[in-house]
Number of protein chains: 2
Amino acid sequence: MADHLPPLAALRALEAAARHGSFTRAAAELNVTQSAISHQIRHLESLWGLALFGRSGRPLTLTANGAALAPVARDFFARLSMTLESLRDDDVSGPLKISTTESFALTWLVPRLSDFNQRHPEIDVWISTTDHRVDFAINDVDLAIRVGDGVYPGLHSSLLLREYVFPVCSTQLVERLGKPQTPADLERYPLLLRNDDNRTTNWDRWLVAAGVPDLPLHHGPRFANSNMALQAAIAGQGVALVRSAHVDGNLSAAGLVRLFDIHCLADLAYYLVHPEGAQTTARIAAFSAWIQAETAQSQQRYDREVAPLTGAGNNP
Amino acid sequence: MADHLPPLAALRALEAAARHGSFTRAAAELNVTQSAISHQIRHLESLWGLALFGRSGRPLTLTANGAALAPVARDFFARLSMTLESLRDDDVSGPLKISTTESFALTWLVPRLSDFNQRHPEIDVWISTTDHRVDFAINDVDLAIRVGDGVYPGLHSSLLLREYVFPVCSTQLVERLGKPQTPADLERYPLLLRNDDNRTTNWDRWLVAAGVPDLPLHHGPRFANSNMALQAAIAGQGVALVRSAHVDGNLSAAGLVRLFDIHCLADLAYYLVHPEGAQTTARIAAFSAWIQAETAQSQQRYDREVAPLTGAGNNP
DNA sequence: GCATATCATGAGTTAATATTCATGTAATTA
DNA sequence: TAATTACATGAATATTAACTCATGATATGC
């Protein structure tokens with residue numbers, strides 16, 4: 001941006017002139033002289049070194065440059081005034097309703113919520129958990145944190161956390177059966193899997209990363225969700241594949257050990273999802289800003305602690 | 001916005017301060033004193049009458065207001081500099097590739113293209129027509145104009161034209177069979193329908209609007225697309241249901257007459273579709289701006305000429 | 001070609017912004 | 001409690017922006 005910020009009033013002039021296709025009418029709308037508009041546009045043109053309007057033919061025409069820049073200004077003004085307006089209306093009354101999965105709430109969100117409450121004591125957070133999609137209109141939810149591929153038609157989504165997966169088991173199990181030396185040894189250990197819709201893709205991906213893609217997966221019990229599999233691992237029932245957020249740095253506190261230094265990216269990631277335009281309300285913006293800062297921190301830790309060897313075994 | 005535009009430099013300060021959570025660090029980044037930042041923020045706060053930062057606790061915290069406004073500034077700066085950068089790179093070299101349906105190209109777009117060429121002689125427009133969806137990555141297309149419901153996951157879409165449908169037939173047919181007096185009379189006329197995937201919803205909707213929802217639709221030949229049905233109508237073979245853009249004001253030139261003053265909104269509308277972020281290139285922005293202005297004009301004409309009685313028979 | 005409408009431009013003025021400096025104040029840490 | 005760190009603030013100033021005015025230049029339409 002060359003250090004020189006364009007004056008906002010000049011952007012306002014650009015926007016109006018582009019919309020009207022005429023400096024004179026833009027001047028009328030903004031209650032200034034035509035000369036003012038001409039000066040402003042000229043200022044922008046020299047600032048950016050770009051022609052914004054074609055003055056040769058009489059009907060003033062936007063150049064391609066102008067056509068690209070005018071909407072930038074237009075959208076900015078629109079969003080700014082929308083945001084200011086909704087901040088003034090200020091409906092801080094009700095609680096902020098957040099929907100997420102049970103496992104994310106338990107392992108990641110709830111332990112950190114007190115920090116958010118300290119920063120924003122006036123915002124009352126309600127958390128509801130479902131493992132299924134949420135309809136914002138019907139369920140009366142302000143924000144959702146979902147596991148998925150980030151494609152949510154009609155909604156705005158932003159990536160919160162990419163997770164790594166790696167196998168763990170309890171120290172007891174290691175004492176009883178010995179520590180597996182190579183990934184291929186896992187064949188002799190009970191593997192704890194999820195059973196919903198047969199989705200074992202994370203195990204498949206990890207086995208590929210570990211170089212033993214054909215290792216059979218038929219051992220061990222199956223569980224309704226990954227939280228239960230994790231509990232079973234803690235109880236020494238076998239080897240579970242865990243995601244970074246699930247253990248989040250306190251492996252040893254739970255009596256678990258990580259097996260091998262091989263990891264891969266989980267097939268799905270966490271996204272923050274909300275209806276378009278919802279950023280404009282203060283409570284939602286506050287929570288969004290907070291959770292994005294917090295997840296960025298978590299992500300840094302995972303990248304450092306869980307997956308320090310960049311590219312080693314990653315297959316995204 | 002209360003007429004007072006916030007100074008852009010102050011927004012820059014807000015953005016940096018929000019990002020760093022510190023006036024001092026923001027000052028360092030912007031190469032000014034801490035005092036400058038403090039003044040700027042204070043200026044914004046009094047301008048908007050909103051608290052942006054909480055200064056009580058030592059770690060400076062964004063208020064909910066600040067959390068809502070900072071991203072507005074951040075996104076604006078990001079988009080502005082992205083746009084400027086891509087305008088400077090200026091890849092005006094190749095042609096602008098536009099994909100649309102055959103009927104829209106024939107009846108609406110091509111007749112108007114000379115106007116675009118006059119305004120932007122440096123932009124070489126190539127049009128390709130398919131009636132199926134287009135994959136931007138694979139088909140090497142810059143922009144698409146599609147008929148649909150506006151939901152295009154992963155793409156940006158904006159409404160271009162809502163169309164009305166109403167029945168027409170040739171003057172010859174009227175001479176031969178007489179003019180139908182009421183919608184119910186249509187039973188005695190050959191109706192020209194499309195045959196693809198049995199989609200006769202437009203006829204169904206029009207019959208509902210006309211008050212004869214149960215009129216049978218089994219007469220007449222069927223055609224591959226609505227263009228062929230229209231040609232058949234011009235040739236006097238029966239009554240066709242046309243969309244506004246298809247006839248676009250030159251009904252009588254084609255020897256057609258409109259039957260009844262009853263219309264309804266077409267089930268689908270035209271959308272301009274492109275990958276997110278593509279607005280930043282000059283050629284695409286120029287075409288977008290142009291076609292949005294042109295369609296807005298068409299829309300006005302349709303609303304005035306085709307559907308002057310607002311709400312009469314509309315069932316959207 | 002003349003009247004008209006529209007944009008360009010240079011000079012000059014007023015108002016607002018941007019910033020620094022020198023201190024003051026409040027919280028944090030040792 | 002002293003030292004430190006970070007934000008607040010009033011005064012002062014340089015710089016820029018935002019206009020207006022008067023006039024010049026260009027294209028359009030009759």
Pair A:Arg79 + B:Asp75, salt bridge at N-O below 4.0 Å:
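Salt bridge present between A:Arg79 and B:Asp75.
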So, A:Arg19 and A:Glu29, do they make that salt bridge, N to O below 4.0 Å?
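Yes, A:Arg19 and A:Glu29 are salt-bridged.
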Keeping the roles fixed (side chain from A:Thr63, backbone from A:Leu52), state whether a donor-acceptor pair exists under 3.5 Å.
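Yes; judged by distance alone, with no hydrogens or angles, the pair exists.
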Indicate yes or no for a side-chain donor-acceptor contact from B:Asp142 to the backbone of B:Leu96 under 3.5 Å, with no hydrogens or angles considered.
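No.
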Just by distance, no angles: are the side chains of [X] and [Y] close enough, under 3.5 Å, to form a donor-acceptor pair?
X        : Y        : answer
B:Tyr270 : B:Arg243 : yes
B:Ser244 : B:Arg162 : no
B:Asp115 : B:Trp290 : yes

Value in whole Å for how far the [atom2] atom of [N] lies from [atom1] of [X]:
X       : N      : atom1 : atom2 : value
B:His43 : C:dA16 : NE2   : P     : 10 Å
B:Ile41 : C:dT19 : CD1   : P     : 12 Å
A:Leu11 : D:dA17 : CG    : C1'   : 13 Å
A:Leu62 : C:dC7  : CG    : P     : 12 Å
A:Leu5  : D:dA17 : CG    : P     : 10 Å

Would you classify A:Ala9 as touching base, sugar-phosphate or nothing, given that sugar-phosphate means primed atoms plus P, OP1 and OP2, and contacts are heavy atoms under 4.0 Å?
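Sugar-phosphate: the residue A:Ala9, judged by heavy atoms under 4.0 Å, touches backbone atoms but no base.
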Do any of residues 19-32 of chain A sit with a heavy atom less than 4.0 Å from DNA chain C, and if so which?
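Those residues are A:Ser22, A:Phe23, A:Thr24.
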Which pair of non-hydrogen atoms, one from A:Thr61 and one from B:Arg119, has the smallest distance, and what is that distance?
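Minimum heavy-atom separation between A:Thr61 and B:Arg119: CG2-NH1, 3.7 Å.
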Are OP1 or OP2 of D:dA17 and a side-chain N or O of A:Gln40 less than 4.0 angstrom apart?
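So the side-chain polar atoms of A:Gln40 never come under 4.0 Å of the phosphate oxygens OP1 or OP2 of D:dA17.
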Polar atom pairs (N or O), protein with nucleotides 9-11 of chain C, under 3.5 Å:
{"residue": "C:dT9", "atom": "OP2", "partner": "A:Arg42", "partner atom": "NE", "Å": "2.7"}
{"residue": "C:dT9", "atom": "OP2", "partner": "A:Arg42", "partner atom": "NH1", "Å": "2.9"}
{"residue": "C:dT9", "atom": "OP2", "partner": "A:Arg42", "partner atom": "NH2", "Å": "2.3"}
{"residue": "C:dT9", "atom": "O4", "partner": "A:Ser35", "partner atom": "OG", "Å": "2.8"}
{"residue": "C:dG10", "atom": "O6", "partner": "A:His39", "partner atom": "NE2", "Å": "2.9"}

